[in-house]
Amino acid sequence: MSEKNDPEHQEQHIVGPKVYLLVFLALMVLTATTTGVAFIDLGVFNPIIALAIACVKASLVVLFFMHIHYSSRLLKMTVLAGLFTFLLLITLTMTDYISRAWGMW
Amino acid sequence: MSTIVSLPDQATAKLPHKSYLNEEYGLKSWLLTGDHKRIAILYLISITFFFVIGGVLAGLIRLELLTPPADLMSTDTYNKVFSMHGIIMIFLFLVPSVPATIGNFLIPLMVGARDLAFPKINLLSWYLYVIGGIFILSAMVLGGVDTGWTFTTPLSTHYLNTHVVTAAMGIFVAGFSSILTGLNFIVTIHRMRCPGMTWFRLPLFVWGHYATSIIMILGTPVLAITLVLVALERTINIGVFDPTKGGDPLLFQHLFWFYSHPAVYIMILPGMAVISEVISTFSRKRVFGYTAVAFSSVAIAVFGFLVWEHHMFIMGVSQYSALVFSLLTMLVAVPSAIKIFNWSMTLYQGSITFETPMLYAFGFIGLFTIGGLTGIFLATLGMDVHLTETYFIVAHFHFVMVGGMLMAYLAGVHFWWPKMTGRMYPEAISKLSAIVTFIGFIVTFFPQFLLGYLGMPRRYAAYPADFQVLNVFSTAGASILGIGYLMPMLYLPWSLIYGKIAGNNPWQATGLEWQIQSPPLTENYVEIPIMDHEAYDYEWLANKTVHEVQTVG
Amino acid sequence: MDSQSIAATHGELVGGVDPHSHPAFLRHHFETVAQQREAASFGMWVFLLTEVMFFGGMFCAYLIFRNWYHPAFVAGSNTLSITLGTTNTAVLICSSLTMAMAVYSAEMRRRGQLIAFLLLTIVLGLAFLGIKAVEYKEKFDLHHVPGPNFSIQEFVHPTNPKAIPLAPDMAEKTQIYFSLYFAMTGMHALHMIIGISLLFFLVAKAYQGAYTAGHIMPIENFGLYWHFVDIVWIFLFPLLYLISRYR
């Protein structure tokens, strides 16, 4: 039933230990980096860099440990849908918090 | 144009020897079943039970409001009664009503599958529902909750000494039941469609439930975590929602309504899904603008996530933010209107017959339109300040939820009753009940629009004497409405034994579920069907030379 | 529907194989193993979506309060041990690697290797929880757990000479920080506990050889869950431990 080009299907793909090890090493290096950077005063860039590194790490885990890189478009869309709804929750709540008359922003 | 189909007479039809109902006997075969049809019946029974409790509470509310002073019950009791009415009706009746019963029964049949993707999870979701229901009932029996169904902080966390945590636990658990139902539907619709069943051959019922499931899985967890935080706030005072500790009660509102506004679309979208099927079948026409109706369901689900702040306009949110949300709220009117227009166009030049489901469907269209349009009033910032927290809003959401969803639910139950049980409901008395329900509904809730416009606030046991006439109307209507709801509860069980045998396709409808025996086999299809025609193709049905009867045994 | 023609086409669809000769783990309502596998994997992802939104509510609260009470969040964050936090991050990433390797072993049908990697994952998970318990214990000792025993002493009159003393009303807000700290890490730890319990079950089944005969779905799905829990921590670590550490 898995026709080619069907966005909902994808042949099973076995990811080997080599990829896992590379991703693992990258995650470890990034963890060390984010901890190290936290001790340097970069002003507003501190949280931005910390979050950027966290996003890269999370993407690595999703793409390779969780096989999304090799999965059907349906699963890719599913991941994006979760991200999208989470961002909706954050941004639309923020429209209130950043512009309140009595706000503390 | 409509196509008249004349199928072989179903009068000589017999009940099949073997069906999902007589495959196995005994309580255990029901309580441990993996069959989506049996689970649907379990749901049907349990949500009817909770509907009766919620309905009795509604009757008590209306009786209390018959006279201006708080004389039937104390004001405290009144608070508990309307809170429990809201909690039971929303979380235990409206949210699971159509999806968990009719949807559970039909989605595998409609996509041409033998069962939902995860039968055990489906059964688990019913058990979670029952456990949640027991929690909520015990909160009621132990002394009640008086926060309203919204659990507004800091009222619910610091000022009340009632069983808030028990009720919140119940809603938490029932919420996971709803998540699992949604998960099952989404996976089934994506993965279990039979050969030839493309997305645009799916019945609109399935599209409606797909959109509903999206909201269920993305919205409900936010409610779950919010209730956990409320419970933590009450028990160990964590302070996230407590202004004296620097927390923000409005944050609770944001998180709560992030679920609870989309939740109203969980309640209405399956109703719309039912109406699409009913209108098409009894007009003998393909639904006008199939694609538009299908995508409008998904659009409602998506827009539904963008509008929650309109519940908070008077709570001190930012005015700029309120402007944005007011605009976005009006946007939801567009897909809703698309549906209403398309159903109207489906009726145009159709061969309309007025069976009971169709009467309920007409009731739905009229009442939902009024309910929806008054929603635009409330989305308007200036009007909202005047109307919110009055009976206007009570009338508005009852028009949508009761007038819309309950009508659709009853339409669906009557429409698929022959498929579920193999027998017809009594036509004359059920038509009467549809009319009684409609009249009772209008008499109950229309005066509440006037009351609200005149300024009668909601959630009070007593009111000024000037408002009594309209309140008497409303209570009188509620008693008519009660009779309207009581009648199906009596004649539907009656029909299980004495009803006329329905045959496979009493409505001469096109859906896959109508081409198999009623009631269906446990495995639904002997062979997985192949979909070789569009949805609502009455030509196909008319040209089908042999009306095949799949009876086994 | 003409049942004969259906049967013919049906036969082609499953690749000419007799549909009745299917493996034991194929559930009756699925047509093919591929369909079952894809359904299970998609179902797990949909479940993870709900988990994203479950944690999402707390991240939203965190974002608001961090901006409102930034000094209190800085002070609260600086009382956490960065050594233990970083160690725990490393431990969790290692456990993700062992879990990924467990999935690989199941795909390669190597039973011993699979059990070994699952057991390693359990050990690393328990190590994480142990370190977390040490951290929680320290908070109890310092009266930094929100509730009646919460003390702002440390934040108004810090013992650490490098820390900036907070005004009492801002110091009160550290309680919000610790509420979120306990709610978020507590919910994360709860997911870890559920995961480890499931792992014990999986090890027992793997020992019987249930996952090394082609039916790897439970292992694969559990892997997805475990990696998700790891991702939550990947965000919790910088957000809770690394606020203005340079002070």
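Just so we're on the same page: letters track the sequence lines, and every chain starts at 1. Quick caveat: nothing in here was measured; it's all calculated off a predicted structure.
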Segment of [X] engaging chain A (4.5 angstrom heavy-atom cut-off):
X: B:Phe258; value: side chain
X: B:Ile186; value: neither
X: B:Ile217; value: neither

Working to the nearest 0.5 Å, report the span between [atom1] of [X] and [atom2] of [Y].
X: B:Arg191; Y: A:Leu74; atom1: CZ; atom2: CG; result: 5.0 Å
X: B:Leu250; Y: A:Tyr97; atom1: CG; atom2: OH; result: 6.0 Å
X: A:Thr95; Y: B:Glu309; atom1: OG1; atom2: CD; result: 5.5 Å

[X] side chain near [Y] side chain, heavy-atom distance below 4.5 Å:
X: A:Leu92; Y: B:His254; answer: no
X: A:Leu89; Y: B:Leu255; answer: yes
X: A:Leu88; Y: B:Trp308; answer: no
X: B:Tyr320; Y: A:Ile98; answer: no

Could you tell me whether [X] atom [atom1] has more than 12 heavy atoms of other residues or ligands within 6.0 Å of it?
X: B:Phe200; atom1: CZ; value: yes
X: A:Phe84; atom1: CZ; value: no
X: B:Met315; atom1: CE; value: yes
X: B:Glu534; atom1: CD; value: yes

Is the backbone of B:Ser321 close enough, under 3.5 Å, to the side chain of A:Asp96 for a donor and an acceptor to pair up by distance?
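No, because the side chain of A:Asp96 does not come within donor-acceptor range (under 3.5 Å) of the backbone of B:Ser321.
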